[in-house]
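Before any comments, here is the structure.
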Amino acid sequence: MRRPIIAGNWKMYKTIEESISVAVGLKRRFYTFSEADVVICPPFTALSKVHDQIVDSSIMLGAQDIYWEESGAFTGEISPNMLKDAGCRYVIVGHSERRVIFGETDEDVNKKVKVVLKHGMIPIMCVGEKLEERDNGTTFEILEKQLTRGLKNIAKEKAVRVIIAYEPIWAIGTGRTATPQQAQEAHKYIRDFAERSYDKETASRIRIQYGGSVKPENIAQLMSQEDVDGALVGGASLDVHSFTEIVENAVK
Ligand code: 13P
């Protein structure tokens with residue numbers, strides 16, 4: 001049985017004070033919570049302060065990106081040790097906004113996944129197709145390429161710790177969610193990929209999250225699909241009430 005994991009990606013929203021306020025609100029409900037892993041990924045500037053709030057609770061901290069070098073002259077970048085120091089246990093890697101807006105490649109994603117694993121944190125590796133790719137029938141080809149390159153040279157003992165987030169780009173921030181069937185079909189493809197690349201046991205253990213306009217109203221149906229193990233939530237994770245409802249509805 002795979003443990004559900006619901007993560008909130010706050011993107012470039014919230015000051016330190018606003019972040020603390022959401023963290024405190026969530027902590028009231030999820031101080032102790034055993035039915036799912038609950039992760040919040042505030043902006044870098046708020047990580048440490050949010051960690052102080054949630055450290056004794058069930059809520060875990062994640063970062064939205066990382067750089068693969070240990071230290072050095074890399075102006076503007078954040079190292080693995082800096083994230084660990086701030087209390088992060090998860091790191092989102094290869095989000096489509098990083099790929100599309102900032103030109104991140106599958107090779108960059110691979111380096112980031114490896115460094116996150118090396119430092120004992122858990123990577124949430126995002127994959128997903130653009131609208132035109134879905135429309136021209138190349139969704140699986142795109143997923144195959146992103147998965148092959150993103151997980152290159154990662155042994156199965158480490159791969160079981162990687163969380164894959166399937167985020168169809170056309171569903172992100174658009175209000176247009178993939179249907180539960182579309183999500184299941186892609187998640188099944190990802191699990192089959194893991195079985196082909198590793199083995200059945202590894203594939204059965206890897207957790208696959210869906211992301212793209214997840215709301216309290218659609219989470220239950222998505223979670224009812226066999227290969228959907230959780231969600232990576234953007235907009236609806238910025239509000240205590242809606243994120244709380246998403247987590248609650250996910251495990252009902
Ligand atoms: P939305 O939930 O706002 O569509 O964003 C999804 C996402 O990109 C999470 O990483």
Side-chain angles (χ1 to χ4, degrees), residues 4-14 18-19 22 26 36-44 46-47 50 59-66 83 88-102 104 108-109 112-113 116 121-131 133-134 139 142-143 146 150 162-180 182-183 186-187 190 207-223 225 228-250:
I5 170 161
I6 310 294
N9 173 10
W10 294 3
K11 307 193 179 183
M12 200 174 74
Y13 293 100
K14 298 203 182 290
E18 290 163 352
S19 299
V22 176
L26 292 173
D37 289 339
V38 179
V39 181
I40 51 177
C41 308
F44 289 128
L47 285 173
V50 167
I59 305 169
M60 291 175 287
L61 191 69
Q64 300 174 20
D65 193 17
I66 191 168
L83 294 183
C88 291
R89 293 172 63 180
Y90 292 80
V91 184
I92 299 172
V93 169
H95 190 280
S96 61
E97 286 147 20
R98 302 290 329 158
R99 294 176 186 261
V100 173
I101 304 171
F102 302 102
E104 203 164 292
D108 297 338
V109 173
K112 292 182 177 188
V113 171
V116 172
M121 297 180 286
I122 300 176
I124 299 179
M125 183 179 108
C126 303
V127 296
E129 80 286 1
K130 297 181 177 142
L131 183 59
E133 293 161 344
R134 172 152 290 261
T139 295
I142 296 296
L143 292 181
Q146 291 174 336
V162 177
I163 292 166
I164 311 283
Y166 170 62
E167 297 209 314
I169 296 175
W170 47 271
I172 295 178
T174 58
R176 186 179 157 191
T177 326
T179 64
Q182 285 172 324
H187 284 224
I190 294 167
R207 293 188 289 178
I208 309 172
Q209 294 178 305
Y210 168 79
S213 299
V214 171
K215 303 271 178 302
E217 299 77 42
N218 58 27
I219 183 70
Q221 264 213 313
L222 288 160
M223 289 299 290
Q225 303 299 310
V228 177
D229 306 314
L232 183 54
V233 187
S237 73
L238 296 170
D239 173 75
V240 174
H241 185 70
S242 62
F243 191 60
T244 298
E245 249 192 286
I246 287 174
V247 176
E248 286 174 344
N249 293 350

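Whatever order the structure lists them in is the order used to number ligands and atoms, beginning at 1.
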Q: Say whether S213, considering both its backbone and side-chain N or O atoms, lies within less than 3.5 Å of an N or O atom on ligand 1.
A: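 N/O-N/O distance under 3.5 Å: yes.
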Q: Please determine if G234 has a nitrogen or oxygen closer than 3.5 Å to a nitrogen or oxygen of ligand 1.
A: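 It does: an N or O of G234 is found under 3.5 Å from an N or O of ligand 1.
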Contacting atoms of ligand 1, where contact means under 4.0 angstrom from a heavy atom of [X]:
X    : result
N9   : 9 (C), 10 (O)
G212 : 4 (O), 6 (C)
A171 : 4 (O)
L232 : 9 (C), 10 (O)

Q: Check salt bridge (Lys or Arg N to Asp or Glu O under 4.0 Å) between R98 and all other residues, then give those that pass, not counting sequence neighbours.
A: D65, E104
Strictly distance-based, threshold 3.5 Å: is any side-chain N or O of [X] a donor or acceptor partner for the main-chain N or O of [Y]?
X    : Y    : value
Q146 : G128 : yes
Q221 : N218 : no
N9   : V233 : no
R89  : L61  : no
Q64  : C41  : yes

Q | Location of contacts on C126 toward ligand 1, heavy atoms closer than 4.0 Å | A |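 It is neither part, as no heavy atom is under 4.0 Å.
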Q) Taking non-hydrogen atoms only, is I172 closer than 4.0 angstrom to ligand 1 via side chain, backbone, both or neither? A) both
[atom] - nearest protein heavy atom and its distance:
atom                   : value
atom 7 (C) of ligand 1 : E167 OE2, 3.2 Å
atom 3 (O) of ligand 1 : G235 N, 2.8 Å
atom 5 (O) of ligand 1 : K11 NZ, 3.3 Å

Q.
Is it the case that the side chains of Y166 and E129 hold a donor-acceptor pair, with the cut-off being a distance below 3.5 Å and no angle test?
A.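 Y166 and E129 do have a side-chain donor-acceptor pair below 3.5 Å.
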Q | Test side chain to side chain contact (heavy atoms under 4.5 Å, CB included) applied to E18 - qualifying residues, sequence neighbours left out | A |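 So E18 forms a side chain to side chain contact (heavy atoms under 4.5 Å, CB included) with K14, T15.
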